Amino acid sequence: MAANWKMYKTAQETTAFFDRFNSLVESDPKPEIVVFPPALCIPAAVQATRGTRTEIGGQNLYWCKEGAFTGEVSGHMLRAAGANWVLVGHSERRQYFAETDADVLKKTHAALEAGLRPIVCVGERVEERKANKTEQVLVRQFAAGLAGLTEEEFAKTAVAYEPVWAIGTGLTATPQVASEAHELIRGEAAKRFGREAAKQLCILYGGSVKPDNIEGLMKETEIDGALVGGASLDPESFAKIVRAA
Ligand code: 13P
């Protein structure tokens with residue numbers, strides 16, 4: 001279960017979140033939990049989750065280790081701050097920051113080189129779904145985002161299926177629609193990395209996941225977890241989602 005906080009919360013608010021959240025999920029050994037706070041809040045999040053099973057990740061990275069790239073943060077820096085994971089190719093990065101498939105691939109490789117586990121985000125826009133291009137888009141984004149990975153690197157990588165029309169809109173994909181997309185992605189993974197590796201691949205669903213729809217989604221065997229935006233900002237709400245999973 002992953003929480004993408006996007007551009008919400010200060011370091012103080014991060015600490016306050018975990019003060020409450022840690023006690024709500026403490027006794028459950030499963031599922032794995034990863035929280036992606038804004039980069040500035042990573043040190044506070046790492047400190048607040050020390051000794052718990054919650055891991056911390058970055059929402060983005062730049063592909064060089066260091067250099068004259070004003071405003072950027074590298075995978076190496078995220079790792080040094082205590083992050084273990086990083087989101088790559090989120091649709092908001094593609095949409096508002098002009099990230100291309102080629103950028104996503106460089107970031108996936110940079111993440112792995114830095115010792116971070118990438119979650120590569122894929123998903124179609126509403127006009128692509130209406131034009132029956134969902135399959136084409138997912139196949140392209142999957143291939144482009146994970147090209148050239150070794151089997152070992154692929155085993156460290158997860159995928160998030162986030163249909164753009166479901167993000168922040170309250171329009172969750174039905175469990176069936178999500179499941180079909182996951183099956184397609186797993187099929188692509190099998191073609192490139194073999195059936196066993198595809199079976200092990202963790203595919204998260206993201207897009208308007210809430211405490212009241214998580215159970216239906218998690219009943220689908222194709223859906224391994226969720227990447228939660230808005231509903232992860234409140235500790236009670238995210239803990240409910242974790243527990244339902
Ligand atoms: P919402 O859960 O707010 O729709 O956001 C989903 C998302 O983009 C997670 O990365």
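Note that these values count all heavy atoms, side chains included, but never hydrogens, waters or copies made by symmetry. One-based numbering along the sequence shown. Order of appearance sets the numbers: ligands from 1, and atoms from 1 within every ligand. Just so it is clear, the model here is predicted, and its values are computed rather than measured.
We find the CH2-CZ distance between Trp165 and Arg129 to be 5.0 Å, quoted to the nearest 0.5 Å. Rounding to the nearest 0.5 Å places CD of Gln59 at 5.0 Å from CG of Asn4.
Not a single heavy atom of Cys121 sits closer than 4.0 Å to an atom of ligand 1. The shortest heavy-atom distance from Lys6 to ligand 1 is under 4.0 Å. Remark: distances from the non-hydrogen atoms of Gly207 to ligand 1 include one below 4.0 Å.
Of all the atoms in ligand 1, the ones that sit under 4.0 Å from a non-hydrogen atom of Leu227 are 9 (C), 10 (O). Ligand-side atoms of ligand 1 in range of Ser208: 1 (P), 2 (O), 4 (O), range being under 4.0 angstrom from any heavy atom. Heavy-atom contacts of Ala166 reach the following atoms of ligand 1: 4 (O) (cutoff under 4.0 Å).
A donor-acceptor contact shorter than 3.5 Å links the side chain of Arg53 to the backbone of Val25.
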Sequence neighbours left out, cut at 3.5 Å: what donor-acceptor pairs do the side chains of residues 17-24 make with other protein atoms?
residue : atom : partner : partner atom : Å
Arg20   : NE   : Glu236  : OE2          : 2.6
Arg20   : NH2  : Glu236  : OE2          : 3.3
Asn22   : ND2  : Phe18   : O            : 3.3
Asn22   : ND2  : Ala48   : O            : 2.9
Ser23   : OG   : Arg20   : O            : 2.8

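When each of Lys107, Lys106, Arg94 is tested with Glu99 by the rule salt bridge (Lys or Arg N to Asp or Glu O under 4.0 Å), just one qualifies, namely Lys107. Of the candidates Glu180, Glu220, Glu222, Glu220 is the only one forming a side chain to side chain contact (heavy atoms under 4.5 Å, CB included) with Pro175.
In terms of polar-atom proximity, Asn4 is counted as a contact of ligand 1, with an N or O under 3.5 Å from an N or O of the ligand. At under 3.5 Å, a nitrogen or oxygen of Gly229, whether backbone or side chain, sits near a nitrogen or oxygen of ligand 1. The shortest N or O to N or O distance between Gly168 and ligand 1 is under 3.5 Å. Considering backbone and side-chain atoms together, His90 places an N or O closer than 3.5 Å to an N or O of ligand 1.
Of the protein's heavy atoms, Gly230 N, 2.9 Å lies nearest to atom 3 (O) of ligand 1. Given atom 9 (C) of ligand 1, the protein heavy atom at minimum distance is Glu162 OE2, 2.8 Å.
Glu66 and His76 share no side-chain donor-acceptor pair at under 3.5 Å.
Counting side-chain heavy-atom gaps under 4.5 Å among Ile, Leu, Val, Met, Phe, Trp and Tyr, the cluster of Leu204 also holds Val34, Phe36, Trp85, Leu87, Ile119, Leu227.
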